[in-house]
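So the structure is just underneath, and the comments pick up after that.
These numbers come from a predicted model, not from an experiment. All residue numbers refer to positions in the sequence shown, counting from 1. Atom set for the values below is all heavy atoms of this structure, side chains included, hydrogens, waters and symmetry mates excluded.
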Amino acid sequence: MDLRIFTEPQQGATYDDLLAVARTAEDAGFDAFFRSDHYLHMSGDGGAGPTDAWVTLAGLARDTTRIRLGTLVTAATFRLPGPLAIAVAGVDQMSGGRVELGIGAGWFAGEHTAYGIDFPDVRERFDRLEEQLAVITGLWATPPGRTYTHDGSHYPMVDAPALAKPVQEGGVPIIVGGSGKRRTPALAARYASEFNAAFQSPEDSRVLFERVRAACEERRRDPDELTMSAVGVLCLGGDEATLARRAGAIGRDVDELRRNGFAGSTDEVVDRIGRYAEAGATRLYLQVLDLADLDHVEELASTVLPQV
């Protein structure tokens, strides 16, 4: 099982806060550091305020050396696909080929209202996501010296130079996730290298994985080409006092976290990871919400990581 660290900086975090967690995760042996892409906090007062995901990842690309970097997930409503493809390719170059792009339709109406971003209905958001995936992958796949044209409903493009190019052969790996029954599995099967089941139980994750595998088979794509992953909040502690302290720091209840996240003792967390492995996941994103608690990441690395 591949374990990755996942953060929610819109709750209030500076670049230095994120850098400290990313470097701690890198030094501790984790495979990747991911962050959300949101412009508005979802509880509390937002602290220092949000940071832009791709600006932040560009900085981390230069301030780390090994760990992979990415988004869970960039909203297709936030950026035009052409400039997004350029930005992500640039960050991939800056990192030496360590970037992954998680992208979704967007869901948080409040941040769109707050920052003047259009928020169409869900059907149109999925239409835009599908077209963005076509444009981004099309730009990256266009051979050097050729131009790219896209006759789309939302993002028509004519003779784009299809630059810059990512360092990674074949382009930056794309992550698609969600619980949709039809369009989400189809998009994952067509464009993604990874499908992510976010904040779902092991049992519900299994159902989502099976839908994606079926969609791959419909496209005559080998389902084993896709990594299946899941996300859950982390609250690790060797005793109940530590668990209560860590749960309280993020405004959550220990019992609720035990039901829905990766919470409890080392044995409890390892057992929970095993349930996702049985459901078909080979990668987990453990959500670290208290970014000041670097000991949490180090404890996870020293106690759980060796067992999985």
Side-chain angles (χ1 to χ4, degrees), residues 37-39 52-58 61 69-108 111-113 115-178 180 182-195 215 218-221 225-226:
D37 189 2
H38 285 295
Y39 290 131
D52 182 84
W54 287 101
V55 171
T56 297
L57 293 173
L69 304 164
T71 52
L72 277 182
V73 294
T74 285
T77 51
F78 286 176
R79 302 169 183 88
L80 298 172
L84 177 60
I86 292 170
V88 175
V91 179
D92 196 50
Q93 293 175 8
M94 294 166 70
S95 70
R98 294 184 284 125
V99 164
E100 302 178 19
L101 171 62
I103 186 167
W107 62 270
F108 187 16
E111 65 188 338
H112 292 75
T113 301
Y115 286 98
I117 303 169
D118 288 342
F119 189 68
D121 62 46
V122 65
R123 180 183 294 274
E124 183 174 332
R125 295 202 305 277
F126 268 91
D127 289 344
R128 289 176 178 269
L129 170 62
E130 184 169 6
E131 195 169 332
Q132 288 219 356
L133 286 164
V135 168
I136 291 167
T137 56
L139 287 167
W140 288 342
T142 299
R146 302 280 296 276
T147 60
Y148 175 77
T149 294
H150 173 72
D151 183 17
S153 300
H154 300 287
Y155 309 108
M157 302 174 68
V158 178
D159 293 336
L163 297 171
K165 295 296 189 191
V167 172
Q168 297 175 78
E169 185 176 353
V172 170
I174 289 176
I175 304 165
V176 170
R182 183 179 61 85
R183 295 191 71 175
T184 299
L187 291 176
R190 182 173 182 181
Y191 294 107
S193 62
E194 177 179 335
F195 173 77
E218 288 178 6
R219 292 191 59 83
R220 300 183 183 277
R221 180 181 181 185
E225 291 179 358
L226 267 76

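- Summarising the geometry of Arg128 relative to Pro120, their closest heavy-atom pair is NE-CG, 4.1 Å, with the distance given to 0.1 Å.
- In this structure, the separation between CG on Asp52 and CG on Leu57 is 8.5 Å, given to the nearest 0.5 Å.
- Glu130 CD to His154 NE2: the interatomic distance, rounded to the nearest 0.5 Å, is 10.0 Å.
- Every pair passing side chain to side chain donor-acceptor pair (under 3.5 Å) that includes a residue from residues 91-101 is listed here, sequence neighbours excluded: Arg4-Glu100, Thr64-Arg98, Arg68-Glu100, Asp92-Gln168.
- Among residue pairs with one or both ends in residues 131-143, those qualifying as side chain to side chain donor-acceptor pair (under 3.5 Å) are Glu131-His150, Gln132-Tyr155; sequence neighbours excluded.
- Across Ala89 and Pro166, no two heavy atoms sit closer than the pair CB-N, 3.7 Å.
- Smallest separation of non-hydrogen atoms from Leu226 and Ala188: CD2-O, 3.8 Å.
- Relative ring orientation between His38 and Trp107 is described as perpendicular, the plane-to-plane angle rising above 60° on a 0-90° scale split at 30° and 60°.
- Looking at residues two or more places apart in sequence or on another chain, you find no ring-ring contact (aromatic ring centres under 6.0 Å, His included) involving Phe126.
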query: What's the verdict on side-chain contact (heavy atoms from CB on, under 4.5 Å) for Phe119 and Glu111, showing C-alpha distance, side-chain angles and the deciding distance?
result: CA-CA 10 Å; Phe119 189 68; Glu111 65 188 338; over 6 Å; no
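- If you take OG1 on Thr147 and CG on Leu139, they are separated by 10.5 Å, rounding to the nearest 0.5 Å.
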message: Quick one, Val176 with Arg190, criterion side-chain contact (heavy atoms from CB on, under 4.5 Å). Give me CA distance, side-chain angles, the key distance, then yes/no.
response: CA-CA 10 Å; Val176 170; Arg190 182 173 182 181; over 6 Å; no
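- Here the two rings, on His112 and Tyr39, have centers that are 6.0 Å apart or farther.
- In terms of heavy atoms, Phe195 sits closest to Gly177 at CE1-CA, 3.8 Å.
- Remark: Asp121 CG is packed, more than 12 non-hydrogen atoms of other residues, nucleotides or ligands lying under 6.0 Å away.
- Rounding to the nearest 0.5 Å places CG of Leu133 at 5.5 Å from CD1 of Ile103.
- The CH2 atom of Trp54 sits 8.5 Å away from atom CG of Asp37, with the distance rounded to the nearest 0.5 Å.
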field: Trace of the side-chain contact (heavy atoms from CB on, under 4.5 Å) decision for Thr71 with Leu101
entry: CA-CA 6 Å; Thr71 52; Leu101 171 62; 4.0 Å; yes
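- For the pair Asp127 and Arg183, the minimum side-chain heavy-atom distance is below 4.5 Å.
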